[in-house]
2 protein chains.
Amino acid sequence: MTEYNTPQDPAGRSATRNSNDSVTLADVARLAGVSTITVSRALNYPDKVATKTLEKVNRAISQTGYVPNLLAGGLASRRTRLIAAIIPSITNLVYAETIQYFSNSLNESGYQVLLGESGYPEQSEQKLISTVLSRRPDGILLTGVNHSADCRRLLLAANIPLVETWDLTPTPLDTVVGFSHERIGVAVADFIASKGYQHVGTIIASDRRARFREKVMINRLEMHGIEDVLRSEVSVPTNLHRGRSGLASLLDKGFRHGVIWCSSDILAHGALIEAQSRGIKVPQELAIIGFGDQNFAVDTYPALTTVRIDRSRMGSIAANILLARIAQQELKEHVIDVGFEIIERETT
Amino acid sequence: MTEYNTPQDPAGRSATRNSNDSVTLADVARLAGVSTITVSRALNYPDKVATKTLEKVNRAISQTGYVPNLLAGGLASRRTRLIAAIIPSITNLVYAETIQYFSNSLNESGYQVLLGESGYPEQSEQKLISTVLSRRPDGILLTGVNHSADCRRLLLAANIPLVETWDLTPTPLDTVVGFSHERIGVAVADFIASKGYQHVGTIIASDRRARFREKVMINRLEMHGIEDVLRSEVSVPTNLHRGRSGLASLLDKGFRHGVIWCSSDILAHGALIEAQSRGIKVPQELAIIGFGDQNFAVDTYPALTTVRIDRSRMGSIAANILLARIAQQELKEHVIDVGFEIIERETT
DNA sequence: TTGAAAGCGATACCAA
DNA sequence: TTGGTATCGCTTTCAA
């Protein structure tokens with residue numbers, strides 16, 4: 001009886017197929033009159049297949065509208081052509097841009113990027129990483145170098161190439177491509193001192209690295225004899241509005257002349273708007289320094305100064321390192337500093 | 001000889017294993033003293049497993065540091081818990097925000113989002129979709145409603161729930177959640193006319209939907225007796241700088257008083273900066289209208305007017321529709337208009 | 001240059 | 001409540 005319940009397949013398909021009738025490699029192979037492995041090779045290593053066979057296969061592929069199943073392929077080959085990237089937030093332009101460059105470089109080599117957002121404290125980073133690893137990416141990009149012991153264990157156990165970015169450490173998990181927040185704090189303090197500013201204020205996002213840069217800067221300023229830095233901390237996600245109110249709060253606390261350091265250009269930009277609306281001259285009365293070189297900040301607003309981070313370089317270097325590691329190449333350096341630059345257009 | 005090359009496995013693992021020694025369901029099962037299917041159930045349907053068994057399994061899982069392989073799971077179950085999303089650009093805040101809301105809603109239900117950027121004409125949308133479909137997502141979100149015949153074929157053949165966004169059509173491929181660019185064009189024209197502006201200029205990105213809104217608006221303005229709209233088209237990706245130069249070019253062409261419509265808030269914002277730098281009063285001498293309500297534009301700059309699109313609603317509705325469709329629920333409506341709103345703070 | 005057979009690591013289906 | 005067995009669709013390995 002049961003045998004009769006399995007309907008004959010007029011298209012010649014296997015009778016064991018489920019209801020979902022997507023085209024498989026076997027279908028293509030049958031139509032082309034070759035074996036499945038030949039079709040697989042035609043797709044992955046076209047040079048290893050005779051031209052005539054290749055033509056037959058390609059014809060069969062376009063006739064059937066075959067779309068490869070990378071789940072099956074990845075399972076069998078242990079190569080998913082997927083790279084995971086963990087960033088704090090997709091709506092923060094500096095991270096989004098980094099990922100865009102990263103992603104573009106990888107796409108060219110046939111890889112796709114699986115994005116994970118770590119900026120939600122409700123969801124632990126560990127759970128996020130675990131979820132992402134369950135897709136068996138061939139490599140992974142992380143933002144920052146501080147990970148819990150559990151995360152480190154998880155990442156190392158995955159045994160895949162790994163790049164940390166957006167920070168620097170002498171002891172990366174694998175390889176780090178970033179810049180030194182400490183050196184930025186020092187450089188900005190020195191810059192401020194060299195300009196002769198007496199009063200310094202900060203508008204800083206509630207973000208670990210932003211706070212660290214600020215701390216270093218404040219310490220360094222003391223060495224220059226500048227103390228009593230007025231602070232304003234704003235919550236994330238940062239936006240123009242919070243930059244405005246950050247400056248407003250500093251001004252309300254009595255800040256008048258001097259320089260303000262903001263932990264991102266979007267905050268700096270918001271502060272600039274607040275200053276303008278109060279008729280304060282920037283940079284003559286109040287100088288504003290940002291971070292990130294977002295939105296071509298200094299090109300658009302010559303009054304602003306910023307710390308430029310080369311996201312394009314960071315993203316593509318990270319991508320190339322992962323690709324090299326996947327191809328089993330050994331790296332000379334595991335700590336790559338892409339540096340930063342203080343960009344100033346107008347001078348007071 | 002060869003048999004001696006295969007080392008004995010002290011942990012009792014199968015000898016057929018490859019070099020990559022990641023923990024599998026079978027390893028967990030062996031350690032827990034149950035079958036693989038029981039471990040699978042403990043993970044996916046904990047209620048269907050006896051409490052004692054569950055404990056044993058969970059212990060084994062944490063002892064081994066097991067991370068499920070979703071490639072294998074997806075292949076076997078035909079459910080990947082992956083949803084694809086195609087957006088023009090990740091660095092455009094309005095799309096990034098939509099995806100963030102979309103993604104958050106899906107994460108809560110155990111789904112992950114696979115992102116694809118369609119804004120690169122070098123890579124055809126068809127190839128992008130094909131690549132994405134090869135991961136066998138359980139559903140897909142598209143931006144816009146215009147797709148080539150090849151793309152439509154590909155999408156329909158995938159036979160998965162599909163949501164189009166950021167536009168509206170009476171004939172969606174499956175379901176559409178968006179707003180009407182035509183109605184926006186009309187509404188903005190009517191708004192401009194109602195304010196009594198005589199001269200109208202536009203700063204528009206080289207983007208199909210942006211141009212369409214502009215075209216509709218210009219036609220509608222003619223009905224109000226307003227003609228000779230001065231245009232400035234800027235290339236994508238848009239940024240503050242291009243907004244500045246957009247307005248600069250209009251002013252150079254002789255534009256003086258009136259209103260400027262920009263195809264995005266970032267352009268509007270750039271235009272505002274240019275106006276301020278020239279000492280033009282906004283909105284008294286020159287009014288500026290944006291689009292998108294990006295960066296809390298009107299909260300920050302009361303001088304600006306914008307067209308608010310509720311990305312939060314659009315993203316989460318799109319997510320919920322996909323989830324419902326995946327759960328085999330039928331939908332009442334396949335065309336969902338999330339609407340828009342003209343937001344004005346200051347009046348001239 | 002091509003093919004046969006044995007997995008990859010999970011789940012579905014049916015039985016116990 | 002638990003388990004055996006047959007897949008899922010592809011690639012690897014080895015042979016022809």
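In this text, all values refer to a predicted model and were calculated from it rather than measured experimentally. Numbered from 1 within each chain, the chains take letters A, B, ... in sequence-line order.
- Across the protein-nucleic acid pair, B/R135 atom CZ and D/dG9 atom P stand 17 Å apart, rounded to whole Å.
- Between B/H147 and B/L173, some side-chain heavy-atom pair lies under the 4.5 Å cut-off.
- Residues A/Q112 and A/I83 are not in side-chain contact: their nearest non-hydrogen atoms beyond the backbone lie 4.5 Å or more apart.
- Among the atoms of the strands shown, none is found under 4.0 Å from any heavy atom of B/R79.
- Of the listed nucleotides (C/dG9, C/dC8, C/dA12), C/dC8 has the atom at the smallest distance from the side chain of A/A76.
- Atom CD1 of B/I61 is separated from atom C1' of C/dA10 by 13 Å (rounded to the nearest Å).
- One donor-acceptor pair, N or O on each side, does fall under 3.5 Å between the base of C/dG3 and the side chain of A/R41.
- Taking atom OH of residue B/Y66 and atom P of nucleotide C/dG9, one finds them 10 Å apart after rounding to whole Å.
- Within the 4.5 Å cutoff, side-chain heavy atoms of A/I140 are placed close to those of A/L155.
- Spacing between atom CG of A/N69 and atom P of D/dG9 amounts to 7 Å, rounded to whole angstrom units.
- As a whole-Å value, the separation of A/L25 CG from D/dG9 P is 11 Å.
- Within residues 31-40 of chain B, the residues approached by DNA chain C to less than 4.0 Å at the level of any non-hydrogen atom are B/I37, B/S40, in residue-number order.
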- request: With side chain to side chain donor-acceptor pair (under 3.5 Å) as the test, would you mind laying out the steps for B/T38 and B/S35 before giving the verdict?
  value: CA-CA 5 Å; B/T38 299; B/S35 71; 3.2 Å; yes
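- Using a 4.5 Å heavy-atom cutoff, the side chains of A/Y120 and A/L128 are not in contact.
- Between A/R136 and C/dC8, a side-chain N or O to OP1/OP2 separation shorter than 4.0 Å is absent.
- Contact annotation: the side chain of A/R136 never approaches that of A/R78 to less than 4.5 Å [non-hydrogen atoms, C-beta and beyond].
- Put simply, the side chain of A/S316 gets close to the backbone of A/S312: a donor and an acceptor are under 3.5 Å apart.
- A/K56 places its NZ atom 12 Å from the C1' atom of C/dT1, with the value rounded to the nearest Å.
- The interatomic distance linking B/D27 (CG) with C/dC8 (P) rounds to 11 Å, in whole Å.
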field: Trace of the side chain to side chain donor-acceptor pair (under 3.5 Å) decision for A/D27 with A/T64
entry: CA-CA 8 Å; A/D27 297 322; A/T64 52; over 6 Å; no
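- Non-hydrogen atoms lying under 4.0 Å from DNA chain D are contributed by B/V49, B/A50, B/T53, all within residues 42-54 of chain B.
- Taking atom CG of residue B/L133 and atom P of nucleotide D/dG9, one finds them 16 Å apart after rounding to whole Å.
- Side-chain atoms of A/T131 come within 3.5 Å of backbone N or O of A/K127 as a donor-acceptor pair.
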